[in-house]
Number of protein chains: 2
Amino acid sequence: MRIGTRGRYALTIMFYLASNYSKERYVSLKEISDNEGLSFKYLEKIMVDLNKDNYLDVQRGNNGGYRLKKEPKDYSIGEILRKVEGDLSPVDCINKGCSRGKKCMSYPFFEGLNNEINSFVDNKTLADYI
Amino acid sequence: MRIGTRGRYALTIMFYLASNYSKERYVSLKEISDNEGLSFKYLEKIMVDLNKDNYLDVQRGNNGGYRLKKEPKDYSIGEILRKVEGDLSPVDCINKGCSRGKKCMSYPFFEGLNNEINSFVDNKTLADYI
DNA sequence: TGTATTCCTACCAAAAAGGTAGTATAATAC
DNA sequence: GTATTATACTACCTTTTTGGTAGGAATACA
């Protein structure tokens with residue numbers, strides 16, 4: 001039941017971008033890592049996943065960096081976490097199927113928990129916490 | 001966001017004990033590991049945590065084993081999982097406190113998620129799934 | 001006293017988490 | 001057109017966690 005540094009830092013980055021959301025400016029990872037006291041190199045690696053499918057606007061070079069592509073209210077927390085942490089289900093059998101068949105009493109519980117978690121994170125957006 | 005084998009096997013054990021709940025009989029770990037196809041030695045180790053604070057009735061020796069001490073409806077899933085997996089909060093800052101102070105926008109989200117998860121698992125009991 | 005059981009301690013291998021390091025590539029300012 | 005400031009890519013590495021195995025001691029009962 002854990003969200004690791006990848007998920008936490010990804011949220012830190014996204015909240016930073018959301019707080020500084022302006023079509024006029026790109027925010028560099030250096031600025032974020034300096035302000036938040038996080039490893040620049042590690043954030044760079046997290047960005048590889050976070051920016052899959054062109055999730056953000058990017059600009060290289062001088063005054064470059066990252067910028068939200070949509071409004072904060074259009075970025076769900078669930079989507080962000082999944083980008084960097086992978087699937088959020090509490091156990092594998094939710095996606096890969098249960099090998100124990102009908103007799104498994106745990107499965108319905110895990111399904112319920114899975115729904116609870118995912119519907120919560122998918123219904124929250126960056127805008128809800130700024 | 002993971003429940004590992006410890007948590008899953010602990011539930012398997014508890015559902016097994018609940019399904020075979022009778023004051024007349026103790027269920028041995030051997031019987032459970034055989035029926036469920038799990039490592040006896042590994043289950044033994046899980047029992048060390050699962051039975052902390054005399055959570056179950058135990059009897060050593062011939063025809064010994066484990067037995068529920070209370071009725072299935074009085075064992076919450078949350079309690080069981082916490083015994084073997086430790087705290088269920090998605091991030092450490094929930095219990096150890098947030099080091100980022102008031103500016104942390106992630107914290108309220110994590111608090112919400114933590115409440116969601118814990119109230120779900122604490123309101124479900126073994127009896128709900130038998 | 002033999003057998004079936006839990007209890008306790010120690011060890012161990014594989015995987016995941018949490019990074020660091022170096023270089024290539026691109027965009028812009030001058 | 002070149003120096004500077006960014007991201008992008010590739011490789012490596014250490015520590016912690018996970019998921020076990022192994023062996024013997026203690027206990028209860030037949």
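Residue numbering restarts at 1 for every chain, and letters A, B, ... go by the order of the sequence lines.
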Quiz item: Listed by chain and number, what are the ring pair (Phe, Tyr, Trp, His ring centres under 6.0 Å) partners of A:Y107, not counting sequence neighbours?
Solution: none

Quiz item: Going by heavy atoms closer than 4.0 Å, what residues in residues 4-26 of chain B are next to DNA chain C?
Solution: none

Practice problem: Please identify each residue that fulfils ring pair (Phe, Tyr, Trp, His ring centres under 6.0 Å) with A:F110, with sequence neighbours left out. | Solution: none

Strictly under 3.5 Å: I want the nitrogen or oxygen pairs between protein and nucleotides 8-10 of chain C, one per line.
none

Quiz item: Are any of the side-chain nitrogens in A:E36 or B:K103 under 4.0 Å away from the carboxylate oxygens of its partner?
Solution: yes

Self-check item: Sequence neighbours excluded, every pair satisfying salt bridge (Lys or Arg N to Asp or Glu O under 4.0 Å) that has a member inside residues 113-129 of chain B
Solution: B:R82-B:D122

Quiz item: In residues 82-95 of chain A, what residues come within less than 4.0 Å of DNA chain C, judged by heavy atoms?
Solution: none

Quiz item: Which residues in residues 30-38 of chain B have at least one heavy atom lying under 4.0 Å from any atom of DNA chain D?
Solution: none

Self-check item: salt bridge (charged side-chain N to carboxylate O under 4.0 Å, His left out) involving A:E31 - partner list, sequence neighbours excluded
Solution: A:R25

Practice problem: Just jot down the side-chain contact (heavy atoms from CB on, under 4.5 Å) partners of B:D49, sequence neighbours excluded, or say none. | Solution: B:R6, B:K52, B:V84

Quiz item: Can you name the residues that form a salt bridge (charged side-chain N to carboxylate O under 4.0 Å, His left out) with A:K69, not counting sequence neighbours?
Solution: none

Quiz item: When the distance from CZ of A:F40 to P of C:dA21 is rounded to whole Å, what number comes out?
Solution: 13 Å

Self-check item: Residues in side-chain hydrogen bond (donor to acceptor under 3.5 Å, both in side chains) contact with A:K73, at least two apart in sequence or another chain
Solution: none

Quiz item: Does A:E111 have any salt bridge (charged side-chain N to carboxylate O under 4.0 Å, His left out) partners at least two apart in sequence or in another chain, and if so, which?
Solution: none

